Amino acid sequence: MNDSILYWALLPEILAGAGGIFIVLLTPFLRGSRDRGSRLIPGLTLLILLGAMVALFTVARDLPQSPMKELSFSGDTFSLSFRFLLLLICAVISLAARPFLEREEIFRGEFYALLLFIYLGMALLSGSQDLLSTFVGLEVLSIGCYILLGLKRSDLRANEAAWKYFLLGSISSAFFLYGIAMVFGATGSTRYADLFALMGSHSDKQATLLLNCGLALIFVGLAFKLALVPFHSWAADVYEGAPSLIVAFFSTAPKVAAMAALMRFFNFHFPRMHYSAGHFAGWIAVASMTLGNLAAISQQNVKRMLAYSSIAHAGYMILAIFIDNETADTTLFIYLLAYSMMNLGAFLILSLLSGKGDLCVSLHDLSGLAERRPGLAALLSLFLLSLTGIPLTGGFTAKFYLFGSALKNGLVGLVIIAVLNSAVSAYYYLRPVVHMYMKPLPESPSPAEVPPVPIGFALAIGTAALAILWLGILPSFWLEFAEKVNLALK
Amino acid sequence: MTVPIIYYLGLSALLFALGSVGLLLKRNLLVQFMCVELMLNAANLAFVAFSQGRADGSVIVFIVMAVAAAEAGVGLALVVVLFRNRNSLDSEDFRLMKG
Amino acid sequence: MSDWFWIIPFFPLAGFLVLGLVGRRLPVAAVSLTACGSVALSFVTALFSWQALLRQPDEARFFSQRLFTWIAAGNFQADFSFGLNPLSMVMVLVITGVGLLIHIYSTGYMHGDPGYPRFFAYLNLFLFAMLTLVMAENYLLLFVGWEGVGLCSYLLIGFWFEKPAAASAGKKAFLVNRIGDAAFLLGLFLLFYQFGTLDFRGIEHALHSEPLHFPVETGQIGTLTLTALLLFVGAVGKSAQIPLYVWLPDAMEGPTPVSALIHAATMVTAGIYLVVRSSALFTRAPLAMETVAVVGMLTAVFAATIGLVQRDIKRVLAYSTVSQLGYMFAAVGVGAFVGGMFHLVTHAFFKALLFLGAGSVIHGLHGEQDLFHMGNLRKQMPRTFAVMLVGMLAIAGVPGLSGFFSKDEILWKLFSSGHTWLWIAGLAGAAMTAFYTARLILLAFGSRPHGEEAHGHAAHESPAVMVVPLVILALLSIAAGWIGLPAWLGTNHLEEFLSPALAVHAEGAHGAGSHSTEIAAAALSSGIALLGIGAALLFYFYRRLDPDALAGRFPFLYRLLRNKYWVDELYRGVFVQPCLWISRRVFWLYWDQEVIDGLVNGTGRILAGAGNILRRLQSGSVRDYAAWLCAGALTVLLYLLIV
Amino acid sequence: MKIPYLLALLTYLPAAGGILVLLVNGAQEKVIRWFAFLLSAAVFVLSLLLVASYPLPAAGYVLEETLGWLQVPQLGITHHMGVDGVNLFLVLLTTFLTPIAILSSFTAVHRKVQSYYALLLFLETGMLGVFLALDLVLFYLFWEVTLVPMYLLIGIWGGERRIYAAVKFILYTMVGSLLMLVAILYLHLQTGTGSFDLLRIAGQLSSGAAALTRTQELWLFLAFFVAFAIKVPLFPFHTWLPDAHVEAPTAGSILLAGVLLKMGAYGILRFCLPLFPHASTAFAPLISLLAVIGIIYGALVALVQTDMKKLIAYSSVSHLGFVVLGIFSFSLQGLQGASYQMLNHGISTGALFLIVGILYERRHTRRIEEFGGIARSMPHYAAATLIIALSSIGLPGLNGFVGEFLILLGSFAKNSALTAVAVTGVFFSAAYLLWMYQRVYFGPLTRDENRQLADLDRREWACLIPLILMAVWMGIYSQPFLQRMEGASRNILHPIQSNQLVAREASPDFRPAASPKPAAGESRIAPEPRSFPHE
């Protein structure tokens, strides 16, 4: 393998990192949000992200399609598709960020730099083939997130959310790290390829035990990021406390990255884990879906409800990790694409509706929204229907593909449970729809006037909606795209 | 003479457990933060133990330390913000959200 | 004419369409003309068809015309095809003839009613349905007519729908008939699966040509018997026999011409027609025949007893109709198909006459129907009195009049076929018939006792348009008997005419018995009739006997009869109320709302409750969360180590 | 006339119209509703082309088309649509009822007019897609897609308890359909055609190229069937229906009763029977029993309702029981009768809901006790109601009878005792409708507010007359319909009958046809073996 190709493969990340550093260096010279220069930052960030995307596809042509197992970072097509998704999410967020930040009076150039750095960490996570680089990626991601969460210093709820996430995240990092140590102890290496090779030859019982424990703790570390039960406890509080736009980012991008890492680690490199881990993942999946859906039923706070919903969705997705056939990564990608777009859309709209300080996010606040803002109501409904998995939305395509793949693997029972869970979820996803369309405008207190939609938001939400519909109505393009990823495996 | 690896590991596990138990018992934010640091360092200790005689293990330890330091920076900043807003360091004062 | 006979039902249909669609905008005269004219056209066509039929040789006396295929699925096919054979010819003549007279009568009777065009629309529709019924070439098309007449009956009984009693009576008629119809339908299914067709001629052909497949089911309940019985249940509903007769007395809520046409002359005889038309089938099911005979005679006597004490003039006639229909069933039940048809024809005339006469009385008294409020009408309504007297004598069976011949033939056939008990019951019924009809005449037209104030003084004779049909019917009531003279007196033209339609199967019922016995029996029955009339005279004319005293002597019996054996109350208490109660309490409120919806909503509640419990785990304290995290990690570790 | 992609055009034209409706200025109410009406009427005219181009006799799909750019080859989903005798008239029923439903809303709906008509048009697309789809996933897509407009129609323009009803409606049906989705996927994987095309899967199964074990077949059948049974609704899955109907706006009720319920029965015909002949046979006794219970039960519960709409809703449970009974009689008569009864029910029950809606618009109540004697104030209305009620009762000469008769005839051969019970439904249906009729229309006018009720206006006549004409036509001259249904019904029965043939030949009690059939104009197909029913 030619080194130049390797660096070439990292071109998007290099771009993003350089851009981030540039912004960080730029900000001290700007005088707050009023400065013309700081107004340029969002556009600059978007430009960098788009440039990264272009770079991504440019280098893709020259890259081998199979994973380069001997490298710590593989720029194969699998990581390529996930990096594309991550860039997309970041771009959508950066589109909507400025009006949001200005409304909350926390506009700072560093936000954009953080976004780019976090992308860096996530990209690393998606292509990493070495436990150490995985850890670094995870930590870059985490630390960035801690800062994002704490960005709104004056808001006590946001502070609490940040603290909870920080503390629990650190614990999970500790677990992850301990897991790495154990694996390292058992095999003497942190490279996936080495681990894989060594595992086959091991007959040492102690080492195997150590290895298994290590793998379990690594799983815990990643599962925490995905908010899988029983590592979900942070999710609801953090989603509720953090500003909606941050949550929109937060509930999507890190999950994409963590899922990619899980996929690469457990599906590509440790297929033999399938049996016992698959079983266990089954339990975790069932627990996540069920707990997420049930706890969401009686939530009054829409953000909190969506937090539980995302726990449930992580439960569905985890099925894909343990699918032992060639469709696993396609399935995961399609599901994540749909999931992130609909979650982004829903949270962005909530962010618009909830007003400054995210105060109006209860179901009651949505009552009669269709009268006031039919367009927003329709879009929010679209995202919610997609989350439910109603056909002609991306959510359906994703679930369809996922259930199909899982059935192909013989997971009939799990699929039936998942399907029943979907039916339950329909109940709470429809509640906002009920409020928006079927309840009258509340008389008192009169609802906060929703300001006109800033252009950035409109573009961001439009992108998400378009993606959802595209994936729902004409999924061929995306399936084909995702199936190219598939080749990476075989 | 080398200390058998198992001792290191035992100590590391003990520290890790201590950290987690401390987290469960202590209400002070700073103490909680220190417990987390303890857990991270326990893991680090395990690395050191495993990397006996291997260079790359030691390198990892340094990387981890760097990362932990970054985390500590953010964490302490958060503690400061929390204290400023609430004038308290009791973690039970920060239960606005639940259910 | 043999090509065009099928148009007979369509004249009234056209009349119905005209009246139904634009009747409200037409002048009264145009309505009357359309209504009567369409029936008259039918009648004339029927007469021509009859002539055409008579010109055919005996064995070829049928016309048939397939208009189009109605329903076809797989090997099932039913056509819209009309036909005429002697049997249906007789029915067509009666229906169009009597129908025409009643239409004419109604133009007078209904004059001034706001629903005048509607009334005639219904009446025309009824004739269409009735003609379809009798001219149908298959059972399914017959069923169309069968239900069609039921519908018209419903509409006409409830013609004055603002009267709650009328609305309710119409519904009752329809529903009680539906019970019979359900059985009828089952009978049709059985027919189809035995014969592969529902065509009359196909079935008759099969019965005749494959005697091995379809033997006479003596002493066993075979499929043929079951089929026949199911068809008979249908007939029981339509012809108001026990136990489904309850609708007919209530049906008197309708306008009187309706009672005359539908509930006396035509529709209610559809059951008889059905059995006779299915004679090939019934003769192979002796058990079914016995059932028909017994039910018929039971009804005849049962209804007659109720008729003895009714006060409402139309109700007396209604029970009389039920009773006379019973006679007809008894006749066909013992194989005297011709006898049954004969009585059907004569009954159509004299009962229509009696009803129309009663209508004339009611009309004259401005709606008064209580016999005990009438009296002395002989003077005010002499022509009505005269024709009703004729009708009464005819139904009572006074020798020489039509009723005598037809009833006598039935009684003779009962006797000669060995059904002695039925014969005795028939005689008793005949006595009662004579009594209650005489009572009716005497109460209405005779003088009042004790100086009771009668409404008679206000009465007036009906206009000519009502009286002329009465006179014609009276003439027919006298003369119609002569078409079916008994063997000792002349030729039975009716039997000759009908026998090709009934073919040979009626022969078996022709029992032994010489002319002398037959004469003796006739003498006995006429004596019985006179006895009944005499008793009525004693009670209500000479007043030698006091009916109240008699009632006082047998209070329970009297109350039993007065209250019509409490059958309506019984049905209400045993079927209707429990059914409603179960439907409401058990099915709807309990099963649907408690059990099923309880399960559905309960599932929701359980899920929400579980969710709430899970929510409570989310305590908000970061230490708890950390505990979850650690516990989770521990679990994962343990699981991987153990499994 | 040949129109390329006629089926797709038919299906998507209403949706395109719906989008247009959403785009115009919402204040132009008149323009919107006339546009919606004319568009749906145009779709109806277009759908008549299907009949015009229908050759007789036809057995298979007379019109099939696939739409390349809407397929998903990666998943094996094809955009395969087709018309045969089974769905032809259901498509027509949909296109026929939708303009009527739209027309009926002209004065009833003044709130959010744009969304209302757009949703009705979207709903039409969904319904047409369900009937036309010959690909399992495509079918499922449309199946689910119909839920949303109906849910919103009930929830936004419905009555007082509309939210409960709407949520119950969508959750009830969704539980069933999601299980069906699993079954679709499973079936797809098991047959290994790599395609969701119904014809290919059915071909694989019937040719033996792919086989299901008995257990698999039974479970798959159940998963499909429960989804359909809920939609039908078959007792005891029916409790969503009364709520949904009572709360839905008139047009919603018309389409819900007229078309949406048929989707369930159609699904059974199109999928359950051909794909799972053994399971269908195995479950037939149980399902027939449930159908008969539904017939009687629905009728009895309808009898005691105090709300007219609820009464009609329960009557649907009863009527659809007949349909299911007919389908599971596995006889040509039963099947054709069921297909016919679906149309009848669409027409007569749709019309009944329309009628109740007309009254509701005037009085804003549907409680029976609020009325009485309105035949005096609204004579035309009463007459129209009577005709429709009689059609629903199954009076011979009107459409309802033909279907019920054929169903009962067909099912009698299979299970005469059960049929005998079902026949009593004939009595009860008359009981509840005539009793209601008596209480609402007959009797004295006791309430002042009923005295001044206006009789039908021109628009209402325009809604009712087509329905009445259809009721009469289909009652008197059923051949144009039955002939076209026959070939397809035979196709559906084929796998079941070949499955049953063994049992049938073993039956000793077999009587040959007794008499030759009377000469008939049409070419009849050779009679099938007739066996005598066993008690």
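Note that the structure is a prediction, hence the values are computed from the model and not measured. We name chains A, B, ... by the order of the sequence lines, and we start the count at 1 in each one.
Using a 4.5 Å cut-off on side-chain heavy atoms (C-beta onward), A/Ile390 and D/Met174 make contact. The side-chain heavy atoms of A/Lys408 and D/His188, taken from C-beta on, include no pair separated by under 4.5 Å. The side-chain heavy atoms of D/Leu178 and A/Leu420, taken from C-beta on, include no pair separated by under 4.5 Å. Between A/Met438 and D/Ile154, the closest side-chain pair of non-hydrogen atoms is not below 4.5 Å. Using a 4.5 Å cut-off on side-chain heavy atoms (C-beta onward), A/Phe396 and D/Leu181 make contact. Counting heavy atoms from C-beta outward, A/Leu474 and D/Val72 have side chains that stay 4.5 Å or more apart.
Counting only distance, with no hydrogens or angles, the side chain of D/Gln74 and the backbone of A/Ser476 share a donor-acceptor pair below 3.5 Å.
Between A/Ile416 and D/Val182, the shortest heavy-atom contact is CG1-CG1, 4.3 Å.
The 12-atom threshold is not exceeded at OH of D/Tyr5, counting heavy atoms of other residues, nucleotides or ligands nearer than 6.0 Å. In this structure, D/Arg214 places its CZ atom where only 12 or fewer heavy-atom neighbours from other residues, nucleotides or ligands lie under 6.0 Å away.
Contact of D/Leu171 with chain A is made through the side chain alone, with heavy-atom distances under 4.5 Å. Both the backbone and the side chain of D/Leu141 come within contact range of chain A, each with at least one heavy atom under 4.5 Å from a heavy atom of that chain. Interface remark: A/Val424 contributes no atoms to any contact with chain D (heavy atom separation under 4.5 Å). Looking at A/Leu407, the atoms closer than 4.5 Å to chain D (heavy atoms on both sides) sit in the backbone and in the side chain alike. Heavy-atom distances place no part of A/Ser381 under 4.5 Å from chain D, backbone and side chain included. Contact annotation for A/Phe477: neither backbone nor side-chain heavy atoms come within less than 4.5 Å of a heavy atom of chain D. Interface remark: D/Ile170 contributes side-chain atoms only to the contact with chain A (heavy atom separation under 4.5 Å).
If you tally non-hydrogen atom pairs under 4.5 Å between each of D/Val175, D/Leu75, D/Val167, D/Val145 and chain A, the highest count goes to D/Leu75. Per-residue counts of heavy-atom pairs under 4.5 Å with chain D were compared for A/Pro374, A/Ala423, A/Ala370; the largest is that of A/Ala423. Annotation: maximal heavy-atom pairing with chain A below 4.5 Å, among D/Tyr186, D/Tyr151, D/Tyr140, occurs at D/Tyr151.
From A/Tyr401, atom OH reaches atom CG of D/Leu185 across 12.0 Å, with rounding to the nearest 0.5 Å.
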